Amino acid sequence: MPHLQDSWAVTNGILHGKLVAERVKAPIRQQTALLAEQGITLTLAVVRVGADPASEVYVRGKVRACAEVGILSRHHHLDATVTEAEIVALVEELNNDDSVDGILVQLPLPRGISESRIIAAVDPRKDVDGFHPLNLGQLFSGRSLLEPCTPAGCMLLLEAAGVPLSGKRAVVVGRSVIVGRPVAQMLVRADATVTMCHRFTEDLGACIAQADVVVVAAGVPGLIRGSWVKPGAAIIDVGINRLPTGKLTGDVEFEEAHARAGVITPVPGGVGPMTVAMLLWNTLVAAMLRRRLGMPRPAAQAWSV
Ligand code: NAD
């Protein structure tokens, strides 16, 4: 039985992102309550453009999560016909609004709008997605104060499960700027030996078979065959794919991989809740730093005390 030992975060080899996310959220809730006593209400501004149905669901989830931890959210929904200049103007207005602590521009933006231009317009101090070139640059040269939510969530999941990383072989599948590249960087920072795979990788199976840790963010259901998984490996499945049946699934053949893995995240209930929890965390960090209140305690300490 290669499964990792059961713990608060892991049962029968399944790493429960929902439970880990709750542990991240609890101290955020405490902190916002303390700030509220001082008359400070944290505010996250969410900008959504157009009518992408998945974005609508994600934004609804983020708004609900803000309410759960005492963060005020402001939803700015713009029509798909809006111009790039109009979005930049809204972002600049939010940058200059002292009551706004964090700004999130929900991606993807409609065709014809430059996502990089919009992201670059966000004040890096309010960039709770961690995608601003300044924050990404800082991440790549060490550590950024505002790191991308999904990669940071993946790292906290590995930490919560007690997966050793130093000297281990990690394989990241997918090289997007929002998931694959930053998570690879964070794994390098944690002293893993990292291989990045993508759509042009030859013999993906051979790479996976050597991996002690796999983080997959490709958006291809069943891409990672269970039979490739090294016995005892840790598998973090970032993929979110909706099958024609309406069922949500990740990028990993779950049952087959679960039988071999030390630990694996489910979809749904794995990385998704962590992405939202880390957004709340980043909003708290952005607010405290901008308001010169110091840095909150690192999220991982929520379970190490
Ligand atoms: P993306 O489309 O920007 O990038 C996909 C990457 O996968 C590319 O680098 C591509 O080279 C690689 N890829 C595609 N097909 C491949 C193949 N056959 N073999 C190897 N590599 C392949 O995607 P993204 O924005 O990084 O998102 C990836 C997935 O993660 C999607 O399913 C997305 O919905 C999901 N996602 C989930 C969360 C979450 O919170 N759980 C957050 C972000 C993204």
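Just follow the structure's listing: the first ligand is 1, and inside any ligand the first atom is 1. Keep in mind that what you see is a predicted model, and the values were worked out from it rather than measured.
- Less than 4.0 angstrom separates some heavy atom of I178 from each of these atoms of ligand 1: 25 (O).
- The V220 neighbourhood of ligand 1 comprises atoms 15 (N), with distances under 4.0 Å to a heavy atom of that residue.
- Screening K168, K230, R169 for a salt bridge (charged side-chain N to carboxylate O under 4.0 Å, His left out) involving D212 leaves a single residue, K230.
- Regarding atom 23 (O) of ligand 1, its nearest protein heavy-atom neighbour is S176 CB, 4.4 Å.
- R291 and T41 make their closest contact through NH2-O, 3.7 Å (heavy atoms, listed as atom of the first residue, atom of the second, distance).
- T150 approaches V238 most closely through the heavy-atom pair CG2-CG1, 3.6 Å.
- Here the heavy atom of the protein found nearest to atom 9 (O) of ligand 1 is R175 N, 2.8 Å.
- The contact set between ligand 1 and G272, taken as ligand atoms under 4.0 Å from a residue heavy atom, comprises 40 (O), 41 (N).
- For atom 44 (C) of ligand 1, the closest non-hydrogen atom of the protein is V179 CG2, 4.0 Å.
- Ligand 1 lies nowhere less than 4.0 angstrom from a heavy atom belonging to T201.
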Worksheet item: Could you walk me through whether R260 and E256 pass the salt bridge (charged side-chain N to carboxylate O under 4.0 Å, His left out) check?
Response: CA-CA 7 Å; R260 294 169 69 88; E256 300 83 344; over 6 Å; no
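- Taking all heavy atoms of L204, T150, L223 into account, the minimum distance to atom 18 (N) of ligand 1 is reached by L223.
- Nearest protein heavy-atom contact of atom 33 (C) of ligand 1 is I240 N, 4.2 Å.
- The protein non-hydrogen atom at the shortest distance from atom 29 (C) of ligand 1 is G219 N, 3.6 Å.
- Of the residues listed (N95, D97, T283), the one engaging I103 in a side-chain contact (heavy atoms from CB on, under 4.5 Å) is N95, and it is the only one.
- Backbone and side-chain nitrogen or oxygen atoms of R199 are examined, and one is located within less than 3.5 angstrom of a nitrogen or oxygen of ligand 1.
- Residue H198 approaches ligand 1 through these ligand atoms, each under 4.0 Å from one of its heavy atoms: 11 (O), 19 (N), 20 (C), 21 (N), 22 (C).
- In this structure, CD1 on I71 lies 7.0 Å from CG on L44, to the nearest 0.5 angstrom.
- For the pair T275 and ligand 1, the shortest N or O to N or O distance falls below 3.5 Å.
- Judged purely by atom type and a 3.5 angstrom limit, H3 uses its side chain to pair as donor or acceptor with the backbone of H258.
- For ligand 1, the atoms lying closer than 4.0 Å to a non-hydrogen atom of V238 are 30 (O), 35 (C), 36 (N), 37 (C), 38 (C), 41 (N).
- By the 6.0 Å contact criterion, CG on D98 is open, its count of non-hydrogen atoms from other residues, nucleotides or ligands being 12 or less.
- The line from OG of S227 to CD1 of I208 is 11.0 Å long, rounded to the nearest 0.5 Å.
- Considering CG of L204 and NE2 of H198, their distance stands at 10.5 Å, rounded to 0.5 Å.
- The G174 neighbourhood of ligand 1 comprises atoms 6 (C), 7 (O), 9 (O), 12 (C), with distances under 4.0 Å to a heavy atom of that residue.
- Of the candidates G61, A218, G153, it is A218 that places a heavy atom closest to atom 5 (C) of ligand 1.
- Other residues, nucleotides and ligands contribute only 12 or fewer heavy atoms inside 6.0 Å of the CZ atom of R225.
- Assignment of A217 to the shell around ligand 1 is supported, since a heavy atom sits closer than 4.0 Å.
- Between H132 and V122, the shortest heavy-atom distance links the atoms CD2-O, 3.1 Å.
- The closest approach between any non-hydrogen atom of G239 and ligand 1 is below 4.0 Å.
- Within the 4.0 Å cut-off (strictly below), no protein heavy atom is located near atom 2 (O) of ligand 1.
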